[in-house]
Amino acid sequence: QVQLAESGGGLVQAGGSLRLSCAVSGRPFSSHVMVWFHQAPGKERKFLGGIRWGYGTTYYADSAKGRFTVSRDRAENMVYLQMNELKPEDAGLYYCALGNSYSAIPTEYRAWGQGTQVTVSS
């Protein structure tokens with residue numbers, strides 16, 4: 001069974017950068033995708049982007065292109081989300097998830113972490 005654990009959240013000023021990590025316990029298949037979701041306070045989880053575990057190809061929601069970058073280190077069993085030019089609306093919980101294919105629907109994913117909190121100061 002795959003387990004995920006996010007870390008790296010914290011306080012950052014608007015316009016700054018933050019790098020989130022997702023530690024993967026277990027053995028994902030090479031065809032699996034590892035993705036990131038954002039949940040702003042009082043709102044639903046929103047797909048940001050992800051990476052295919054085997055080949056490292058990425059896919060992003062339009063809202064994340066340019067500012068956010070997903071990467072992974074298979075040797076370390078880690079997935080990362082590099083966030084740049086942070087805005088107040090980026091605040092909230094960030095989750096990593098594992099699935100068979102990309103989807104904007106959270107219930108399509110097979111495993112989730114507990115989330116890491118990001119606060120953007122203004």
Side-chain angles (χ1 to χ4, degrees):
Q1 296 182 0
V2 173
Q3 294 180 312
L4 309 175
E6 303 92 341
S7 63
L11 176 65
V12 62
Q13 66 180 8
S17 298
L18 198 63
R19 188 177 181 88
L20 306 182
S21 300
C22 175
V24 182
S25 298
R27 297 180 179 180
F29 296 141
S30 61
S31 59
H32 280 155
V33 294
M34 306 294 298
V35 306
W36 288 92
F37 275 75
H38 170 230
Q39 186 170 26
K43 296 185 178 180
E44 300 297 320
R45 296 185 188 187
K46 182 179 179 180
F47 175 80
L48 296 176
I51 189 165
R52 192 159 293 279
W53 186 251
Y55 282 99
T57 51
T58 55
Y59 176 76
Y60 298 98
D62 288 341
S63 61
K65 290 180 180 177
R67 293 197 301 127
F68 294 177
T69 302
V70 180
S71 61
R72 61 99 171 86
D73 187 334
R74 293 181 68 189
E76 298 291 335
N77 268 29
M78 297 290 290
V79 182
Y80 304 100
L81 178 66
Q82 177 67 45
M83 304 187 293
N84 299 323
E85 304 170 37
L86 284 163
K87 304 173 181 179
E89 55 263 39
D90 295 322
L93 286 165
Y94 285 80
Y95 298 88
C96 61
L98 176 148
N100 293 330
S101 60
Y102 293 115
S103 175
I105 305 173
T107 54
E108 292 295 305
Y109 294 91
R110 302 172 66 87
W112 288 86
Q114 292 299 306
T116 186
Q117 181 73 45
V118 172
T119 302
V120 182
S121 63
S122 60

Taking all atoms of both residues into account, what is the closest heavy-atom pair of [X] and [Y], and its distance?
X      : Y      : answer
Ala14  : Pro88  : CB-CD, 4.4 Å
Val2   : Pro28  : CG2-N, 4.2 Å
Pro106 : Ala104 : CD-O, 3.4 Å

Short side-chain to backbone donor-acceptor contact, Glu6 and Cys96, under 3.5 Å: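 Yes, the answer is positive, given that a donor and an acceptor are paired below the 3.5 Å cut-off.
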Heavy-atom donor-acceptor pair, Asn77 side chain to Ser25 backbone, under 3.5 Å: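 Not confirmed, Asn77 side chain does not pair with Ser25 backbone.
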Report yes if the side chains of [X] and [Y] come closer than 4.5 Å at any heavy-atom pair, otherwise no.
X     : Y     : answer
Ile51 : Thr57 : no
Arg19 : Tyr80 : yes
Leu4  : Cys22 : yes
Arg52 : Met34 : no
Arg72 : Val70 : no
Ser63 : Lys46 : yes
Leu86 : Leu18 : yes
Arg74 : Trp53 : yes

[atom1] ([X]) with more than 12 external heavy atoms under 6.0 Å:
X      : atom1 : result
Tyr102 : OH    : yes
Gln13  : CD    : no
Glu89  : CD    : yes

Presence of salt bridge, Lys65 and Asp62, under 4.0 angstrom: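 Yes.
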Can you tell me how far [atom2] of [Y] sits from [atom1] of [X], rounded to the nearest 0.5 angstrom?
X     : Y     : atom1 : atom2 : value
Thr69 : Arg67 : OG1   : CZ    : 11.0 Å
Asp90 : Asn84 : CG    : CG    : 10.5 Å
His38 : Leu81 : NE2   : CG    : 10.5 Å
Trp36 : Met83 : CH2   : CE    : 8.0 Å
Lys87 : Glu85 : NZ    : CD    : 7.5 Å
Ser31 : Tyr55 : OG    : OH    : 10.5 Å

[X], [Y]: one ILVMFWY side-chain cluster at the under-4.5 Å cut-off?
X     : Y      : value
Val33 : Phe68  : no
Tyr60 : Val118 : yes
Tyr94 : Val79  : yes

Non-neighbouring partners of Arg110 that pass side chain to side chain donor-acceptor pair (under 3.5 Å), sequence neighbours left out: none
Option passing side-chain contact (heavy atoms from CB on, under 4.5 Å) with Tyr109 (candidates Leu98, Val35, Asn100):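 Among Leu98, Val35, Asn100, the one that satisfies the side-chain contact (heavy atoms from CB on, under 4.5 Å) with Tyr109 is Val35.
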is_close_aromatic(Trp112, Phe37), centroid dist under 6.0 Å: yes
